[in-house]
There are 2 protein chains.
Amino acid sequence: MARDDETGLMVENAAARCAQCPLATCEGLRQPPDELRAWIAAFRQGEARFVRGEQVFAQGLRLRHLYTVLSGVLMRTRLLEDGRRQIINFMFPGDFIGLQAALDGEMSHAVEAVTSATLCVFARDRFFELAALQPRLSFDLTWLAAHEEAALEEHIVSLGQRNARERMAALAVFLVQRGMDTGLAPDGILPITVTQGQIADMLGLSLVHTNRTLQALRRMGLVDWTLSAIRIPDMDAARRMARIDGVGASAPRPYI
Amino acid sequence: MARDDETGLMVENAAARCAQCPLATCEGLRQPPDELRAWIAAFRQGEARFVRGEQVFAQGLRLRHLYTVLSGVLMRTRLLEDGRRQIINFMFPGDFIGLQAALDGEMSHAVEAVTSATLCVFARDRFFELAALQPRLSFDLTWLAAHEEAALEEHIVSLGQRNARERMAALAVFLVQRGMDTGLAPDGILPITVTQGQIADMLGLSLVHTNRTLQALRRMGLVDWTLSAIRIPDMDAARRMARIDGVGASAPRPYI
DNA sequence: CGTCGATTTGAACAGTCTCAAAGGATGTGG
DNA sequence: CCACATCCTTTGAGACTGTTCAAATCGACG
């Protein structure tokens, strides 16, 4: 039990837990070979737990560790000086946190827990040493970075070209899809507490308009998004509304 | 001289040219160690040239090669089925092209030459072999992916939170900055042909409103953006208008 | 029961869009 | 060297999507 000087969060020594990593049984993820898993376990320093709503990392923070999401959902947000806030993306189990900050010095965004969440903690320098020894790890790292980039690309398309309804449908489809891939929404319902204010900050809409759009989608039977869960009664119709063309299915996602 | 079956573009055998790589003298870039440069030169298959306006890769294409920008400026764009178009980002010398497509199968976006441009061509599989042997290359790859992600993050903030004037100022500052870093705008003026229609598609604005906003910024003496060049008379004021908080200076950018 | 966060509703307002058309540039062919 | 075509920019005016301000309602919780 030690106090992480970067963030004040609790870190437990829990290296042994890799053997029963909850992500090992997750169908949506590509499992690392045993040898790599052993290496990763050896380099893992512990876990950090956060409750819903807690700030995990502040914007501008200098990270001395790398993190991955072990359980739960988080979001990364960017704050402008005048108080405007943009939610960049949500993070699901298996996602990497802090890569850009580790390479570059400062976090360009803050991270906040959307649900209660657990992170795995790795020492930054030792992690990169391991990546140099294990091409597969390095490859997975690149894979994740490239796919996060693709997700942001999709978000840019939403913000730039889609109207409020399309945006919201696209976001709901995206989140539920990721929830299903990571085992959080086995039945197609993603139990996750997101306020309308947060949806607004993600989609670049006002709170009022977000509320009205949400109601419209619910009335149309496309997306049923409450404070505590996202449900998509008619996935095909929702995808049409969102103008999502690609199939969305891609190679299985690796994790660290 | 061979014809690339993927794109029909011309490929010359020009491996020897790495010795006089034009990027080697670029101040904004971090130079690879000699040993790595030699390896890269050995793996390089040739060059591909494009004229302004030419489509480099179509959306949905399956790439069998990896590419980097040797000279010129390109953009990547995403097309929706109903004709709406979103420009995701611009690409400058040293940038990587096709990483996501190489890992994932299909290009999620198209690539188009904004100025006449030259690309370096690498065989995908041999490239990843090399990356496994050369941790530094792998590290640089990750660095580039993480920073492209940071650039998209900034763009998301623009689209989600900034109004038309702020967006346009932010884009102009970003482009001129990148131009200066890559030696394309030594005097702070970036000579690059971008139509107002392209600006509109990048910022998610209509053509008409783009025109009016452009005029307003010009009248205010903040940004002078013509068809053939971007000039920022008052950089500090432009940054204030754009609400760019961070210093923007980061570690030197590696290139391949 | 009172408080606090979240949602909902109404109404006026503003930023941006669409439609329409005119006005420059630039290049090509005759 | 002119005439025409094409692409880009500019301007006007009305319509609409989404914003802002304000206030009421709802629900969970102590």
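Reckoned from all heavy atoms, side chains included, excluding hydrogens, waters and symmetry mates. Here is how names work: the chains are called A, B, and so on, in the same order as the sequence lines, proteins then strands, and each is numbered from 1.
Look at B:Gln198 and you won't find any side-chain N or O under 4.0 angstrom from OP1 or OP2 of D:dC8. Taking only side-chain nitrogens and oxygens, B:Asn211 never comes nearer than 4.0 Å to OP1 or OP2 of D:dT9.
Looking only at side-chain heavy atoms (C-beta outward), B:Arg52 and B:Thr115 stay at 4.5 Å or farther from each other. Considering only heavy atoms from C-beta on, B:Arg84 comes within 4.5 Å of A:Gln161 through its side chain. Within the 4.5 Å cutoff, the side chain of A:Arg85 has no heavy atoms near those of the A:Met202 side chain. Using a 4.5 Å heavy-atom cutoff, the side chains of B:Glu166 and B:Ser158 are not in contact. Contact check for A:Leu222 versus A:Ile232: no side-chain heavy atoms found under the 4.5 Å cut-off.
First and last contacting nucleotides of DNA chain C toward chain B (any atom under 4.0 angstrom from a heavy atom, 5' to 3' order): C:dT16 to C:dC19.
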Report summary line: With sugar-phosphate taken as primed atoms, P, OP1 and OP2 and all else as base, the protein-contact string of nucleotides 12-30 of chain D at under 4.0 Å (heavy atoms; B, S, -) is BB----BBBB---------
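B:Asp95 has a carboxylate O that lies under 4.0 Å from a charged side-chain N of B:Arg253, or vice versa, which qualifies the two as a salt bridge.
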Query raised in the report: So A:Tyr67 and A:Phe57, ring-ring contact (aromatic ring centres under 6.0 Å, His included) or not? Walk me through it.
Result: CA-CA 11 Å; A:Tyr67 302 84; A:Phe57 302 117; 4.7 Å; yes
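A search for salt bridge (charged side-chain N to carboxylate O under 4.0 Å, His left out) contacts involving A:Arg162 returns A:Glu154, not counting sequence neighbours. Checked against salt bridge (charged side-chain N to carboxylate O under 4.0 Å, His left out), B:Arg76 has the following partners two or more places apart in sequence or in another chain: A:Glu149, A:Glu153, B:Glu148.
The list of ring-ring contact (aromatic ring centres under 6.0 Å, His included) pairs with a residue in residues 174-233 of chain B, not counting sequence neighbours, is empty.
Each end of the helix from C:dC1-D:dG30 to C:dG30-D:dC1 yields a helix axis from five base pairs, and these two axes differ in direction by 30° (to the nearest 10 degrees).
Note on A:Leu214: nothing from the nucleic acid sits closer than 4.0 angstrom, heavy atoms only.
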